[in-house]
Amino acid sequence: MHSLIARNGRSLHKLGQNLVRHLAAANRAHAFSRVAAASEGHGGNGGSVAAAALTRREASTVAAAVGGATSPSAASLAAKPAHLRQLSEEQLKAAAAPLGTIRVVAGPGSGKTRVLTARIAQLIHTHGAHPWQILAITFTNKAADEMKERLAIMLGEEVAKKLFAGTFHGLCYRILKSHIRDLEHAGRDSSFTVYDQDMTLRLLANEVKRQNPDWKAKDVNQEASRLQGAISSAKNSMLTWHAPTPLGVERCVLEHLQRQAAAEDNPLKAVEAGVLAEWFGMYEAALRANNAVDFDDLLGLSVALLASNEAVRQRYHRRFRHVLVDEFQDTNATQYELVKLLAMPRADLFVVGDPDQSIYGWRGADMTNMTEAFVKDFPEAQVCDLQDNYRSSARIVATAQSVIAPNDEWQRKGMNPMHPAGDLIQVIELDDSQQEARYVAAEIAATLQRGEHPEEQVAVLFRTHAQSRLVEQELFRRGVRYVLVGGLPFWRRAEVQDVMAYLRLAVGLRDNIALSRIINTPRRGIGDSSLIKLQAAAAERGLTLCSLLFGDGFSGEGGQGSDEGSDGREGAEGGGGRGMQLPPLPDRKELGLPAKAATALEAFRQLMAELHVAVRTQPLHKALKHIVDRTGYEKYLLDGGLTTSASKQGDEAERVDRIWQLLGAAADYSPGAMSGAVSLDEDYPEGGGSGSTDNVGGSPDSDSDREARLALRVTLIGTDDGDVEFSIGGSSEYSDFSDGDFGGTKDAETERAGGEGGAAGAGGTGAEAEEGGGGRGADTLPSMPPLQRAQNFLDEVALYSGADEGGAATPGVRLMTMHAAKGLEFELVYIPGCNDGLMPLLRGEPGAVDLVKHVAEERRLFYVSLTRAKQRLRILHTAVTSLYGAHSGRESDPCRFLVEVVEGGHAAVLQRMQGSPEARDRSSSGRYPASSSSSSKSGSRSGSSGGGSWQRSAAGSGSSSSSGSTKNAGRRRPAPSGSSSGNSSSGSAAGSDASSSRGPSTQLSSAEMRHRRGGRR
DNA sequence: CTTTGAACGGTTTTT
DNA sequence: CCGTTCAAAG
């Protein structure tokens, strides 16, 4: 189902991409003028909207077109810097605050990203900061990208790409890549790779199955994910990093869990703690054996490193004098600790967030980091409140406030709406989600037809991904384009992951998890039973499966130690794997393998050996091509290897196509593009091949680069921060990625450090100087060897997780989860499925305390959702929630938070009941106690014939008892009738809905959807 | 070992 | 309802 959804989303996305591509050239002048508008700004935040609408591509186009003109000089030396001119008073107070620790509490729609960006510009222009000294941390890659886009517009491309803007994970990845050797007992070398969730789950499942060979797959998986959750939260609470040895960790975790159990006075948990700690130890050991870290390790090991290693910490202190964190309310314990370690002594620290938008508690985020801990740890911090709301109508603002009000975990200040009241909020009840979807789709279709909003300004927000399907179908039937934002990303597709697993294995021949994934993936006769036997055999010998099959790497370690280019050259075109010696396998009888499996296994070993050579010697995309070719993967796909069910038939070509895309991405890949410095769109490597120096592109000073820095230099003169000096001379300041990103600051660094950090402060590039302490890094080679490129590719893909779907320029109505909607805004927002149990999503029987906290977070989530809307907001709930089939549903109450919405008096309640009289009664009298006020307030143009026409639609569809609804309407509030006017629009929508709903098939099968989509293409 | 058909089970949010 | 998993046959 996911695949179906995502597939559809993707193809539309592709369509959009093409469109953008074609339009890009034609739009140049147009885009340019938009930028002008953006930098002029229209009072409040009109400019920010325009800027946000710029795509990365456009931005770079513009930068290219404008050339040196975008360099800061012109703008920055003006009396009032342009980047501050558009800010409101309160925004200015934050953005232009003096250096120091600053905590900005910013409500939704307050322009917080804008302020953050302005702050950065301010640091550079007024405080004389060098971009290199600025560290901007976000929670998503998308946010980082957007920030860089804006900065590129404000400061010029060259400057913008020099500051570090990325996620916590991306930052930590780079820190560890450079310094993991400086962490004792880390248990990994610097060629470690990152395991994403799929990988760790797989790892755990393997372990569980090994422990309990007779378990069913389902139970194994369930146990594995349970363990994963437990382990992750243990790591998140940061109690393991002091003893990163497997055994030490185990003991540490055990103690922690026991303490926890004792605190809760729960003896049962104490027992469990022992078991869990044991698993934890195995998990850690397995990670180490594969030279891998998980997401939590990235953070935790970085914290351990910085906490334990004075020299390294000092180095980053010198490097990052200005630290900015967005969405600070979403930090977890480890991330908070990291911020402290980076900033604590005396860095300039600027954090922005809104405790009420803390919606990631389930993954360890703790808003008290912002509301309490930060206040305590940084008592001198200046506090700025951004209370003006530039986004939403006053009604929406007021309603949102009344929704969030019951949460009293911190002292919030109010919001000041900056827009007039606007339309009433509509609260709509329908019979079931089928109807709900139809209604939403019909209204959207009509709205678009009337041209009331551009399609990308209309959004549908769901609590869960699964909910989107019905709406998709209905939109689809009406030919409304939509984009499913955040659908399953490209990189997690089975076929992509398969190929990546091959790459992963081929890189070092030591990744057992990747091995177990693909050892039989184009079926080659090595099935489960053989695999189990092999694993047992390996375990008997105290080996991992990889080392049994491939040896311990043939020149020392599998990783970077052996990646000198020269080594590879010999075997270069050989292909046949003669470059490496495979260890002899034990006799097949000893292994208990059937003859067939044994020969297959031998062939597989040869194959992997060959691929290993290919990965070391060929450019990445060629190596991947090699993998695809030699494994017969394409044929496997075409033969339906991944076609698990009939409904997935027809996907084969698409899967193959995705493999091609993967190859394309690999060809275009330049290290750092995804997770950090440079966006993939910008520098298009001509050759794309191995020798391409695109990744080092910054090093030979381009003219504009030099110009930009000269301009900076100018602005530096006469600032109060006189001790900052930059030599402008020629060494590679931006040697991109690996170590260069951090090492390259030698100018400022060595000056202040006085040789403390880099033992050999003198020589060569900054990167070398820095790495001198930590041991020779293969990563400073001017052109990255293929093997390392491949490794970086793997890691970045893991960290990237694909937020580029549905980019700003893709046309179509936006469909997404509430979580994914954070930070976005739309003119018109629909929120279907607001039923209690679904909206406050409730499951199981959680403890009372937990439940309260959980509901509080759900409330925040709802609050976030409401505040996405600028003008019009439609909240829907259904009389019954139909889980699967159309009519297997159960009665369901509306979302409990709706009470506040309706009581707030800004909503028009449209209702159609068709159930039993009892149900009607319950709903009408019980649900919204004080709601009748709503209609009376329906001021101005409000209207919306929604109620009336909608009743018509009910009659039209022939399914409802008209008496029921009329009676209901009449007796209850005048809401439906009272609110009647402007939007006869919705009448037409509903009408078309009714007619179309009578079509031959109300439900489109997935195949049908696909077919239609194909037709439209 | 792979393929087939039938039964079962399931639904948060993501770096 | 759909997709995954299980068990038996080829």
Side-chain angles (χ1 to χ4, degrees), chain A residues 1-5 137-144 166-173 194-198 200 216-222 229 232 236 294-299 327 330-332 334-335 358-365 433-434 461-470 486 488-489 492 520 523-531 593-594 596-597 600 640-641 643-648 675 796 798-803 816-822 833 837-844 854 857-858 860-861 864-865 881-889 1003 1005-1007:
Chain A
M1 151 180 55
H2 275 323
S3 62
L4 169 77
I5 290 166
I137 304 177
T138 61
F139 273 80
T140 64
N141 293 297
K142 202 178 102 199
T167 64
F168 274 103
H169 297 271
L171 168 70
C172 289
Y173 172 71
V194 181
Y195 275 5
D196 63 14
Q197 208 174 21
D198 282 358
T200 60
K216 292 195 229 170
K218 191 158 274 183
D219 295 325
V220 169
N221 287 335
Q222 199 175 335
S232 175
N236 271 335
D294 63 21
F295 279 126
D296 300 316
D297 288 335
L298 284 173
L299 303 170
E327 308 281 15
D330 282 333
T331 51
N332 65 26
T334 319
Q335 288 160 333
S358 168
I359 54 174
Y360 289 103
W362 48 272
R363 99 193 191 202
S433 27
Q434 187 66 236
L461 270 34
F462 306 98
R463 180 67 237 297
T464 70
H465 273 308
Q467 290 171 261
S468 70
R469 224 191 81 241
L470 285 176
L488 277 209
R492 279 178 74 192
N520 197 32
R523 309 254 119 91
R524 52 169 66 88
I526 308 172
D528 274 352
S529 62
S530 296
L531 182 58
L593 291 183
K596 208 170 160 190
T643 311
T644 51
S645 62
S647 65
K648 280 188 179 175
S675 74
E796 285 196 51
L799 289 170
Y800 185 61
S801 145
M816 68 191 87
T817 65
M818 295 173 171
H819 282 85
K822 190 163 77 153
L838 222 199
M839 178 34 223
L841 184 60
L842 306 172
R843 48 157 197 215
H854 173 73
E857 176 150 320
E858 295 283 304
R860 273 177 254 132
L861 184 57
V864 167
S865 307
T881 52
S882 37
L883 249 37
Y884 313 118
H887 292 296
S888 62
Q1003 270 226 339
S1005 72
S1006 52

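Throughout, a chain's letter reflects where its sequence line sits, starting with A, and its residues are numbered from 1.
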Atom [atom1] of [X] and atom [atom2] of [N]: how far apart are they, to the nearest Å?
X: A:Q335; N: B:dT14; atom1: CD; atom2: P; result: 16 Å
X: A:L841; N: B:dG10; atom1: CG; atom2: P; result: 16 Å
X: A:Q467; N: B:dG10; atom1: CD; atom2: C1'; result: 15 Å
X: A:L171; N: B:dT15; atom1: CG; atom2: C1'; result: 13 Å
X: A:N141; N: B:dT15; atom1: CG; atom2: C1'; result: 8 Å
X: A:D528; N: B:dT3; atom1: CG; atom2: C1'; result: 14 Å
X: A:K142; N: B:dT15; atom1: NZ; atom2: P; result: 10 Å
X: A:H819; N: B:dT13; atom1: NE2; atom2: P; result: 9 Å

Between the main-chain N or O of [Y] and the side-chain N or O of [X], is there a donor-acceptor pair closer than 3.5 Å?
X: A:Q335; Y: A:L299; result: no
X: A:R860; Y: A:S358; result: yes
X: A:H169; Y: A:L298; result: no
X: A:D196; Y: A:D294; result: no
X: A:S468; Y: A:H465; result: yes
X: A:E858; Y: A:L841; result: yes

Side-chain N or O of [X] less than 4.0 angstrom from OP1 or OP2 on [N]?
X: A:T464; N: B:dT13; answer: no
X: A:T817; N: B:dT14; answer: yes
X: A:H465; N: B:dT14; answer: yes
X: A:N520; N: B:dT2; answer: yes

Indicate, with a heavy-atom threshold strictly under 4.0 Å, whether [X] touches base, sugar-phosphate, or nothing.
X: A:K216; value: sugar-phosphate
X: A:R523; value: sugar-phosphate
X: A:F139; value: sugar-phosphate

* Does A:W362 reach the side chain of A:H854, with side-chain heavy atoms less than 4.5 Å apart? ->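 In short, these two side chains do not touch, never coming nearer than 4.5 Å.
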* Asked: Below 4.5 Å, heavy atoms only, C-beta onward: do A:T334 and A:F168 meet side chain to side chain?
  ->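 No, side chains not in contact.
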* A:Y360-B:dT13 aromatic stacking (under 5.5 Å, under 30°) ->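 Not stacked: fails the 5.5 Å / 30° test.
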* **Salt bridge present between A:K822 and A:D330 (N-O < 4.0 angstrom)** =>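 Salt bridge present between A:K822 and A:D330.
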Check nucleotides 4-9 of chain B for protein N or O atoms closer than 3.5 Å to its own N or O atoms and list the pairs.
none

* Considering only the C1' atoms, how many Å lie between C:dT4 and B:dT13, rounded to the nearest integer? ->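 These two C1' atoms come out 23 Å apart once rounded.
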* To do: Select from A:Q222 and A:F295 the residue whose nearest nucleotide in DNA chain B is closer to the 5' end of that strand.
  =>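 Residue closer to the 5' terminus by nearest nucleotide: A:Q222.
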* **Most 5' of A:A820 and A:P594 on DNA chain B, judged by nearest nucleotide** =>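 Closest to the 5' end, via its nearest nucleotide, is A:P594.
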* **No-H, no-angle donor-acceptor pair, A:R363 side chain to B:dT13 base, under 3.5 Å** =>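 Such a pair does not exist between side chain and base.
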* Pairing pattern in dot-bracket form [Watson-Crick, G-U; both distances under 3.5 Å; | = partner strand] for DNA chain B -> ||||||||||.....
* Asked: Is it the case that A:Q197 and A:T200 place a side-chain donor and acceptor less than 3.5 Å from each other?
  ->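 A:Q197 vs A:T200: no donor-acceptor pair found between side chains.
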* Nucleotide nearest A:T140 (side chain, heavy atoms from C-beta), chosen from B:dC1, B:dT15, C:dT5 ->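 Selected nucleotide (nearest to the side chain): B:dT15.
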* Asked: The side chain of A:R463 lies closest to which of these nucleotides: B:dT13, C:dC6, B:dT15?
  ->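 Per side-chain heavy atoms of A:R463, the pick is B:dT13.
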* Asked: Among all residues two or more places apart in sequence or in another chain, which pass the side-chain contact (heavy atoms from CB on, under 4.5 Å) test with A:A600?
  ->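 With neighbours one apart ignored, the set is A:I526.
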